[in-house]
There are 2 protein chains.
Amino acid sequence: MESQDLRSAGLKVTGPRLKMLELLENTQGRHLTAEAIYRQLLDAGEEIGLATVYRVLTQFEAAGLVTRHHFEGGHAVFELERGPHHDHIVCVHCGRVEEFYDESIEKRQRAIAEKLGFNLRDHTLTLYGECNKPGCKGEKNAR
Amino acid sequence: MESQDLRSAGLKVTGPRLKMLELLENTQGRHLTAEAIYRQLLDAGEEIGLATVYRVLTQFEAAGLVTRHHFEGGHAVFELERGPHHDHIVCVHCGRVEEFYDESIEKRQRAIAEKLGFNLRDHTLTLYGECNKPGCKGEKNAR
DNA sequence: TTGCGCATGATAATCATTCTCATATATGAT
DNA sequence: ATCATATATGAGAATGATTATCATGCGCAA
């Protein structure tokens, strides 16, 4: 149960934290903005403050439960950390996000960091492009 | 001269634009925040407004003279566009930025986008690590 | 159950960035 | 060189995302 995830992260089990974890787990798309989380919880009848959403997201991030991404557009998006590392490709028209993992890229990154004298800690790789999904806003413009 | 760069970018040649271009060209480090540009121009005795700095940076970006990066930390940094594409590795302690280019990574990115049905437009790849430069704030913490 | 300390919600504050608008200026035509 | 006009500028207000403050509430170990 989610309570365990919280406990083992060293966090007290509270209503807001449980609700947020649930929402993150049950949301397809998986990449949510703080505002979106706040709105959805309000709409679901929960009583929660925006400040709490930000606070808890930061705690989740520190605990490794969640990853914060800075895609283009000025606001951060949060993603539940399940499964192994991956990077992202984002549609510049509709914002759809796909994930991918490429071992040869990972390997090159490690080699590059070493060559430049850095102890690699993290990285962000995000591709931006026009997707081919029907209904994507850019359908007409694309090509 | 810089005036030509501005003209061919379709921009009028004005004092603020010239000063900003000069500063970008003569700054080592090369990755400047809008505030930093503003401060340096003020310190140099120029009369310029912060709004102008932001406006002009946006114009430079649109004209391809400058690239905007969103490294961690909530503020954008701007870099004069000279030479070919490259990615970055940033020291998490001292903020030092190095550049690199890796053709095999570029190639894999194109292949991945295609496989996922995206028309690749752009990408950001930033590595974060601890650098080995003497004087880096993280010297003690780092191994 | 009780007490304490951390958690929460409302709201103010902050930070980076953008907008507004009156004034100043670059530039093409005269 | 002079003018007319569209564009650029600077000061400060406005915005949007995020963080801090603080009084109150609640999880949890004893």
Side-chain angles (χ1 to χ4, degrees), chain A residues 1-21 23 31-63 65-78 95, chain B residues 1-21 23 31-63 65-78 95:
Chain A
M1 191 187 328
E2 293 92 356
S3 328
Q4 263 324 306
D5 296 333
L6 290 176
R7 271 186 240 281
S8 43
L11 297 170
K12 284 186 185 174
V13 178
T14 69
R17 288 175 182 159
L18 279 174
K19 295 300 179 189
M20 287 178 60
L21 250 194
L23 189 151
H31 299 85
L32 296 174
T33 182
E35 272 287 324
I37 294 172
Y38 176 60
R39 289 259 165 68
Q40 290 193 39
L41 288 178
L42 284 190
D43 291 353
E46 299 301 330
E47 190 145 307
I48 195 169
L50 182 54
T52 302
V53 172
Y54 276 103
R55 237 177 331 211
V56 172
L57 282 172
T58 302
Q59 295 160 348
F60 281 5
E61 186 190 18
L65 289 172
V66 140
T67 306
R68 181 192 306 249
H69 301 291
H70 291 93
F71 298 156
E72 294 182 349
H75 49 269
V77 299
F78 296 85
Chain B
M1 195 187 326
E2 291 94 357
S3 327
Q4 264 323 307
D5 297 333
L6 290 175
R7 271 186 239 280
S8 44
L11 297 170
K12 284 186 185 175
V13 178
T14 69
R17 286 176 183 157
L18 280 175
K19 294 301 178 188
M20 286 178 59
L21 250 195
L23 188 149
H31 299 85
L32 295 175
T33 182
E35 272 287 326
I37 293 171
Y38 175 58
R39 288 260 165 67
Q40 291 193 40
L41 288 178
L42 283 191
D43 290 354
E46 299 302 329
E47 190 146 307
I48 196 170
L50 183 54
T52 302
V53 172
Y54 276 103
R55 238 177 329 210
V56 171
L57 282 172
T58 301
Q59 295 160 347
F60 282 5
E61 185 189 19
L65 290 173
V66 140
T67 306
R68 182 193 307 249
H69 301 290
H70 292 93
F71 298 155
E72 294 182 349
H75 49 269
V77 298
F78 296 85

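Numbers restart at 1 for each chain; the letters A, B, ... are given by sequence-line order, proteins then strands.
- Side-chain proximity of B:Ala76 to D:dG10, C:dG9, C:dT17: nearest is C:dT17.
- In this structure, CG of B:Leu18 is placed 14 Å from C1' of C:dT27, rounded to the nearest angstrom.
- Side-chain proximity of B:Leu50 to the nucleotides C:dT17, C:dT27, D:dC28 is greatest for C:dT17.
- You'll find that the side chain of A:Lys12 is closest to C:dA7, out of C:dA7, C:dT27, C:dT17.
- When rounded to the nearest whole Å, the span between CG of B:Leu57 and P of C:dT18 equals 10 Å.
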Stepwise side chain to side chain donor-acceptor pair (under 3.5 Å) test for B:Arg55 and B:Thr52:
CA-CA 5 Å; B:Arg55 238 177 329 210; B:Thr52 302; 3.1 Å; yes
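- Checking D:dA17, D:dC28, C:dA10 against the side-chain heavy atoms of A:His75 singles out D:dA17 as nearest.
- Under 4.0 angstrom from either OP1 or OP2 of D:dT7 there lies no side-chain N or O belonging to B:Thr14.
- If you check D:dG10, C:dG9, C:dT27 against the side chain of B:Arg7, the one that comes closest is C:dT27.
- A sub-4.0 Å separation between OP1 or OP2 of C:dT18 and a side-chain N or O of B:Tyr54 is absent.
- Phosphate proximity of C:dG9 to A:Thr52: present, with a side-chain N or O under 4.0 Å from OP1 or OP2.
- Counting heavy atoms of neighbouring residues, nucleotides and ligands inside a 6.0 Å radius, atom CZ of B:Arg68 exceeds 12 of them.
- Counting to the nearest Å, the C1' atom of C:dT18 and the CD atom of B:Gln59 are 13 Å from each other.
- Environment of CD in A:Glu46: crowded, with over 12 heavy atoms of neighbouring residues, nucleotides or ligands closer than 6.0 Å.
- Rounded to whole Å, atom P of C:dT18 lies 9 Å from atom CD of B:Glu61.
- Heavy atoms of other residues, nucleotides or ligands lying less than 6.0 angstrom from CD of B:Glu35 number more than 12.
- A donor-acceptor contact under 3.5 Å links the side chain of B:Arg55 to the base of D:dG10.
- Nearest-nucleotide positions on DNA chain C for B:Thr58 and B:Leu11 put B:Thr58 closer to the 5' end.
- Summary of the strand contacts: B:Val53 and A:Val77 both lie near DNA chain D, and taking for each the nucleotide with the nearest heavy atom, the more 5' one is attributed to B:Val53.
- Note: CD1 (B:Ile48) to P (D:dA8) measures 14 Å, nearest angstrom.
- Atoms OH (A:Tyr38) and P (C:dA10) sit 7 Å apart, rounded to a whole Å.
- Listed candidates were D:dC28, C:dT17, C:dC19. Nearest to the side chain of B:Ala51 is C:dC19.
- Residue A:Val56 places its side chain closer to C:dT8 than to any other of D:dC28, D:dA17, C:dT8.
- Atom-to-atom, CG of A:Leu6 to C1' of C:dC6 comes out at 14 Å; the value is rounded to the nearest Å.
- The residue B:Glu47 sits close only to the backbone: its heavy atoms come under 4.0 Å of sugar-phosphate atoms, none of a base.
- With a 4.5 Å cut-off on side-chain heavy atoms, A:Lys19 and A:Ile48 do not count as touching.
- Rounded to an integer number of Å, the gap from B:Phe60 CZ to D:dA8 P is 12 Å.
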